[in-house]
Student: 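Submitted below is the structure of interest, expressed as structure tokens.
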Amino acid sequence: MKNRKIAMSMLTRFIIASIVLFPMQYVQASAYAVGTYSRVSDGTGEFVDQGPAKGKLNIVEKEELPQHRVIINEINSSPDDWVEFINLGTGEIDLSGYEIRANSDDHRWRFAEGTKLPAGELFVVDANTEGQVYDDQTDAYVAGKFAVAIGIGSGDSIRLYDKAGKLLDEYSWTEHASYNGDEALASFGRYPDGTGEFMEFPTSTKGKANMITNPVILNEIQSNDLKGGYDWIELANPTGKVLDISGIVIKDSDDTHQYVIPKGTTIPKNGFLVLTEKKLGFGLGKNDSVRLFEKEKLIASTTWKDHTNPTWGLYPDLTGTEYRNTKEATPNAPNKFKEVTNVIEWPGNGKVVIFDQKPTFLEDSSGLDFFKGQLYAVDNGAGKFWILDVSKNGELSFAKGFEKGKRVRFQKDANNAKAAGPDAEGITVDGDGFVYIASERDSNVKDVNFNMILKVDPHKEGNDLVALQQWDLTASLPQVSANMGIEAVEWVSNADVVGKLYDQNTGKVFDAAKYPNAIANGVFFVALEDNGHVYAYVLNKDGSSVQIADIDGKIGGAMALDYDTYEKVLWAVADDGYKNRAAKISLNGKKNPDIVHVLPPSGVDISANNEGFAIAEASFTKDGQRPVYRFKDGDKSGSLSIGSIASDYKEGVN
């Protein structure tokens, strides 16, 4: 919890600074203005916006500021959750009873009694700020930290209400703020502070004045012109809007080699721009660099040895934090690397339809799995799962007893029906029909990462199921923040991994006989959101586990897993943070499996926060297509979508 004084006169200085440093913004704004910027009092005062007074004394009618006005000034959703507020009023404001909500009304947190915010000051609410948490089970508020009530997601909203329940301010987004793929650097904020529109800041400024930097990405470089080619630099726009890069300065390692991007230069949304040495006025050599500047501020750079071979690219493409040699030159297209053999378009029909046109599930939709003609779906907020019957013509209906879903509880909560339960992110089914839930947190303690797999019998009577067994994987996985743990789990039969999955413990292919205490006649794969890696485990009867593989699908962040029993490939799928890209992982018996990246179908919104992914079994093929299901987090309706993937399966032939 931090305060920082910003005098109201500073807001005016930020506006003037934006005119001097960012003239394009001023020109756009002034197109709608009828006044001028003038000193008041004449010659000595600060510049203010007023009506024209050519040849006369500058006089301005001062806007009457309200006594109390608090709004949202900056938001950070990854890796830390915090919200910064500013008091634009003339007097101190009592925030007691004011409320912060995420995109759903059951995620609420109130400021503690006695919280005061003086005029012109900033106030930060972070994960550990004490206040009051809304309990949707009792419709009451209890003492608790902000992180217990709200985990700010990649597709989310922050809303501010006064004590009377009136909405004061809000901001929504579809993916974490990031800079060069690094979410730790960026945030969403107003510029100038308190008065400007929200934008994505590559520099997070918790408790301080907001700073602006162009989010353009230095994506790929060609310096090797030995075969009669030419040198070039590829810039990329990582945003979903047209990006103006006017005024960006490009230099190599020599400050005298300089190119200023002309006024009016833009890059299409999620697009590229290639600048050749003819345009730049200088070439690139071995042991050289490329640097991007916004005015005098360095905003991106990279250095390479020798000549690029064949090019020098950001890894992973668009979202990475490091540069390396590519597999081939790809100007005006995504980068390709040796680690990823190919990037392909979606192999199937691009059409996607929505199943739940009206509210059907809850709003924290997460994992999916398809097993023996049924679709399994889990919600991470309530720890509840559903089973839907799938007909051969593709129609879905809730299985008997699952119209309202069934809730899962930790063993420790067996006698506590009011316990919040697991933050259930993933779901899978083994060959015997048992359900396994992957949880990254105990929802009673949301500020602590707790990676657990829980096993339940879905056919047991009742709508509240206590785990039959559970396995704690936390210590064996990288230590991450509370909301960046395991996001998916997928059971794969021994028949599909024996002799095919590389076992890091033996240095040979997986042999199930080496693990006599294993359950379920298979291996369990889990996906970690923090690094996008997929980890393979043997789960033992005594509650212990053994990690046998660590696979990097090279997509940055994995939110869903699915093993296609027909094509014999493991799918690791990202959400909107990595534009819903997927990795098809083929187990080849080697330490590094074969990986192909797959772009989402045209019908999938790349800004959608899809956290679940499942492909129907081959027998559901119709007209050369199989159903593909996605589960989107954050919406009460429109969460379950159905697409398709090409399939050559023919009944009685395959």
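Not measured: the values here are computed from a predicted model.
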Student: Do Ser289 and Ser253 have side-chain atoms, one donor and one acceptor, less than 3.5 Å apart?
Tutor: no

Student: Salt bridge between Lys632 and Asp605, side-chain N to carboxylate O under 4.0 Å?
Tutor: no

Student: Kindly say whether Asn103 contributes a backbone atom to a donor-acceptor pair with the side chain of Asp156 at under 3.5 angstrom?
Tutor: yes

Student: Taking the side chain as every heavy atom from C-beta outward, state whether Leu160 and Ile71 have any pair of such atoms under 4.5 Å apart.
Tutor: no

Student: Side chain of Asp231, backbone of Gly283: donor and acceptor closer than 3.5 Å?
Tutor: no

Student: Between the side chain of Glu611 and the main-chain N/O of Ser366, is any donor-acceptor distance below 3.5 Å?
Tutor: no

Student: If we ignore hydrogens and angles and just use 3.5 Å, is the side chain of Arg324 paired with the main-chain N or O of Tyr315 as donor and acceptor?
Tutor: no

Student: Taking the six-membered ring for Trp, are Trp304 and Tyr323 closer than 6.0 Å centroid to centroid?
Tutor: no

Student: Counting N and O atoms only, with roles assigned by atom type, does the side chain of Trp173 sit under 3.5 Å from a partner on the main chain of Gly153, one being a donor and the other an acceptor?
Tutor: yes

Student: More than 12 foreign heavy atoms under 6.0 Å from CD of Glu345: is that the case here?
Tutor: no

Student: Between Trp312 and Thr326, is any side-chain donor less than 3.5 angstrom from a side-chain acceptor?
Tutor: no

Student: Is it true that a side-chain atom of Asn237 and a backbone atom of Ile267 form a donor plus acceptor pair closer than 3.5 Å?
Tutor: yes

Student: Donor-acceptor check, side chain of His257 to backbone of Leu284, threshold 3.5 angstrom: yes or no?
Tutor: no

Student: Glu74 and Thr205: side-chain donor and acceptor closer than 3.5 Å?
Tutor: yes

Student: In Å, rounded to the nearest 0.5 Å, how long is the span from CD of Gln222 to OG1 of Thr276?
Tutor: 12.0 Å

Student: Have Glu220 and Thr311 got a donor and an acceptor in their side chains that come within less than 3.5 Å?
Tutor: yes

Student: Please determine if Lys279 and Glu277 form a salt bridge, counting it only when a charged side-chain N lies under 4.0 Å from a carboxylate O.
Tutor: no

Student: Going through the checks in order, is the ring pair (Phe, Tyr, Trp, His ring centres under 6.0 Å) test met by Phe188 and Phe198?
Tutor: CA-CA 6 Å; Phe188 297 107; Phe198 270 96; 7.9 Å; no

Student: Side chains of Thr265 and Ser246: any donor to acceptor distance under 3.5 Å?
Tutor: no

Student: Taking Asp254 for its side chain and Thr256 for its backbone only, find out whether a donor-acceptor pair lies under 3.5 Å.
Tutor: yes

Student: Tell me the closest heavy-atom pair linking His597 and Ala583, and the distance in Å.
Tutor: CD2-CB, 3.9 Å

Student: If you define the side chain from C-beta out and look only at heavy atoms, does anything of Val526 sit under 4.5 Å from Glu425?
Tutor: no

Student: Show, in sequence, the C-alpha distance, side-chain angles and deciding distance for Lys636 and Asp364, and conclude whether the salt bridge (Lys or Arg N to Asp or Glu O under 4.0 Å) test is met.
Tutor: CA-CA 8 Å; Lys636 290 184 177 180; Asp364 292 316; over 6 Å; no

Student: Is it true that the NZ or CZ of Lys251 lies under 6.0 Å from the centre of Tyr259's six-membered ring and within 45 degrees of the ring axis?
Tutor: no

Student: Any donor-acceptor pair under 3.5 Å linking the side chain of Arg291 with the backbone of Asp252?
Tutor: yes

Student: Between Asn270 and Lys579, does any side-chain donor sit less than 3.5 Å from a side-chain acceptor?
Tutor: yes

Student: So, applying salt bridge (Lys or Arg N to Asp or Glu O under 4.0 Å) with Lys206, which one of Asp126, Asp80, Asp81 is it?
Tutor: Asp126

Student: Between the side chains of Asp193 and Asn73, is a donor N or O closer than 3.5 angstrom to an acceptor N or O?
Tutor: yes

Student: Should Leu95 and Phe85 count as side-chain neighbours, where that means a heavy-atom distance under 4.5 Å?
Tutor: no

Student: How are the rings of Phe123 and Phe111 set relative to one another: parallel (under 30°), tilted (30 to 60°) or perpendicular (over 60°)?
Tutor: tilted

Student: Decide yes or no for Ile248 and Asn214: does some side-chain heavy atom of the first lie under 4.5 Å from some side-chain heavy atom of the second?
Tutor: yes

Student: Using a distance-only test with no angle check, is there a side-chain donor-acceptor pair under 3.5 angstrom linking Glu175 and Ser154?
Tutor: no

Student: State, with a plain yes or no, whether a side-chain heavy atom of Arg101 is found less than 4.5 Å away from one of Tyr161.
Tutor: yes

Student: Rounded to the nearest 0.5 Å, how far apart are CD of Glu487 and CG of Leu528?
Tutor: 8.5 Å

Student: Ring of Phe613, cation from Arg630 - is the NZ or CZ under 6.0 Å from the centre and inside 45° of the axis?
Tutor: no

Student: Between Glu84 (side chain) and Gly207 (backbone), is there a donor-acceptor pair under 3.5 Å?
Tutor: yes

Student: Taking atom types as modelled, find out whether Glu234 and Asn219 have a side-chain donor-acceptor pair closer than 3.5 angstrom.
Tutor: yes

Student: Does any non-hydrogen side-chain atom of Leu292 lie less than 4.5 Å from one of Val249?
Tutor: no

Student: Would Asn610 and Asn580 count as having a side-chain donor-acceptor pair, cut-off 3.5 Å?
Tutor: yes

Student: Measure the spacing between OG of Ser223 and CH2 of Trp232 and express it to the nearest 0.5 Å.
Tutor: 10.5 Å

Student: Indicate whether any N or O donor in one side chain lies under 3.5 Å from an N or O acceptor in the other, for Asp633 and Ser365.
Tutor: no

Student: Report yes if some heavy atom in the side chain of Val290 is under 4.5 Å from a heavy atom in the side chain of Ile250; otherwise report no.
Tutor: yes

Student: Quick one, Val70 and Leu168 - any side-chain contact, counting heavy atoms below 4.5 Å?
Tutor: yes

